[in-house]
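Presented below is the structure to which this report refers.
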Amino acid sequence: MIDKTVMTFHEKFRQYDLGEGHPFRGDRFVNAMRFFEGQGLLGLSEISVVKPEAVSKKELLMVHEERYVNLIFRLAEERKPYDIETPVSPEILEAALLVVGGSITCGKAVFEGKAKRAISLGGGYHHAGRNYGGGFCLFNDVAVLVEYLRCNYDVNRFLILDYDVHFGNGTSDIYYRDPSVLYISLHQDPRTLYPGTGFVWQIGEGAGEGYNVNVPLPPGTGDDTYLYALEKVFVPLAEEFQPDVVIANGGSDAHFADMLGDLGLTVNGFFRLSRLIRETSNKVCDGKFILIPGSGYNPKVLPFCWYALVAGAIGLEEINVKEPYTPPVEPAFCRKKVEETVAELKGLLKKKWKCFR
Ligand SMILES: [Zn+2]
């Protein structure tokens, strides 16, 4: 029997369009689907595309404070922005609720045995915390997924791998004191990028100490060094933590041609990254893996990268797409800097994790 993968998509995702001139445009979702179609991905018997339902207010309240949720609903009605780069309208709100609903649908599919893996297209709103939004994010679908699984199934240990170019400050905040969620984030050095936090020394607090793992990467970091960091940090921690599920979020903004970030991943790098997560989840949690690709601000490379991520998750052996631009050479200092960061991280976390001793 082949392993099934459910992928959630809704035409109304296009309403998550933050306006003319804004880097977050609503056509990303359908453009990615069209590219998947052209690559023959949607015809594979492994994949079934499912239309999600909107998340309910009650489900949002598993993560978010009521006052904050009410604020967003009110701003939507009044068509007022949450902040300068995060507009809100009834259409954006409707799409946001469908995207979060998609992540819940993915969780259900995996834990009701309908699929081994699932892909929540368009999600990963990791800058939203319990009582704040920002950075284009209103509700944190990753955390809602975690809480939905915790409430409805026997799922107690979650590993979130955040490979977005930006640090997921919202997700990190929500679980900073929670040892049931191991949050690992690889992102561009926060001194050079929004949201300006996500340092190595931010390792969690109280019972959650050691369960927040940040790997800041210097601008220019390319595939091999990125994969090196994953092999040294994500893989051993996953093996020791033994999660019930691996949830991975991030779109294409770590690609070298992205307009908002300065990391140096290629399309093939995203494929390798996704395959590694799949292999690791096969080893540690019977393959339970939920992929959430959503970000990306270069519309030309976005479909390529999302395709590479999806192809890696479903287990394709190779992809046959040509990198749209010529990749740069990684600056010489990057590898050394990342090796130092990994060593520093191990020193900070060795009390908690045997694999780092
Ligand atoms: Zn991002």
Side-chain angles (χ1 to χ4, degrees), residues 13 16-19 22-29 31-32 82-87 92 95-96 99-100 103 119-129 132-143 145 160-174 183-199 202 214-221 226 229-230 247-267 269-270 273-274 277 291-306 308-310:
F13 284 177
Y16 210 108
D17 188 308
L18 304 188
H22 194 292
F24 202 109
R25 300 309 307 268
D27 58 1
R28 61 182 49 229
F29 313 102
N31 287 345
Y82 175 79
D83 65 21
I84 191 164
E85 57 180 15
T86 316
I92 292 170
V99 168
V100 184
S103 291
I119 298 161
S120 176
L121 211 67
Y125 294 92
H126 62 166
H127 299 305
Y132 61 87
F136 322 157
C137 304
L138 301 175
F139 302 120
N140 192 314
D141 56 312
V142 180
L145 168 61
I160 299 172
L161 175 67
D162 190 332
Y163 58 86
D164 193 276
V165 77
H166 304 95
F167 172 54
N169 56 316
T171 314
S172 171
D173 268 2
I174 293 167
Y183 176 76
I184 304 174
S185 179
L186 277 77
H187 47 261
Q188 186 179 323
D189 187 336
R191 289 171 302 181
T192 62
L193 192 66
Y194 179 90
T197 52
F199 298 98
Q202 295 178 290
N214 292 330
V215 190
L217 303 164
T221 300
Y226 195 97
L230 279 176
I247 299 167
N249 72 275
S252 64
D253 60 6
H255 187 275
F256 67 83
D258 192 85
M259 281 76 169
L260 296 194
D262 299 304
L263 288 187
L265 289 200
T266 68
V267 172
F270 282 99
L273 152 73
S274 184
I277 306 170
L291 176 76
I292 311 184
S295 67
Y297 307 98
N298 180 325
K300 191 166 172 189
V301 299
L302 182 147
F304 287 75
C305 298
W306 287 21
L309 288 164
V310 172

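Note that ligands are numbered from 1 as they come in the structure, with each ligand's atoms numbered from 1 the same way. Residues: numbered from 1 along the sequence shown.
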>> If we check side chain to side chain contact (heavy atoms under 4.5 Å, CB included) with Asn140, which of these qualifies: Ile174, Asp173, Asn249, Val100?
In response: Ile174
> In Asp164, what N, O or S atom is nearest to the Zn ion (ligand 1), if we give its atom name?
Replying inline: OD1
>> Only N/O/S atoms count here: what is the atom of Asp253 closest to the Zn ion (ligand 1) called?
In response: OD2
>> Taking Arg25 first and then Asp27, would you say they form a salt bridge - that is, a charged N and a carboxylate O separated by under 4.0 Å?
In response: no
>> Report the atom name of the nearest N/O/S atom of His166 relative to the Zn ion (ligand 1).
In response: ND1
>> Taking salt bridge (Lys or Arg N to Asp or Glu O under 4.0 Å) as the definition, give me every residue that meets it alongside Asp262, ordered by chain and number, with sequence neighbours left out.
In response: none
>> So, using side-chain hydrogen bond (donor to acceptor under 3.5 Å, both in side chains) as the criterion, who are the partners of Ser120 when residues are at least two apart?
In response: Ser103
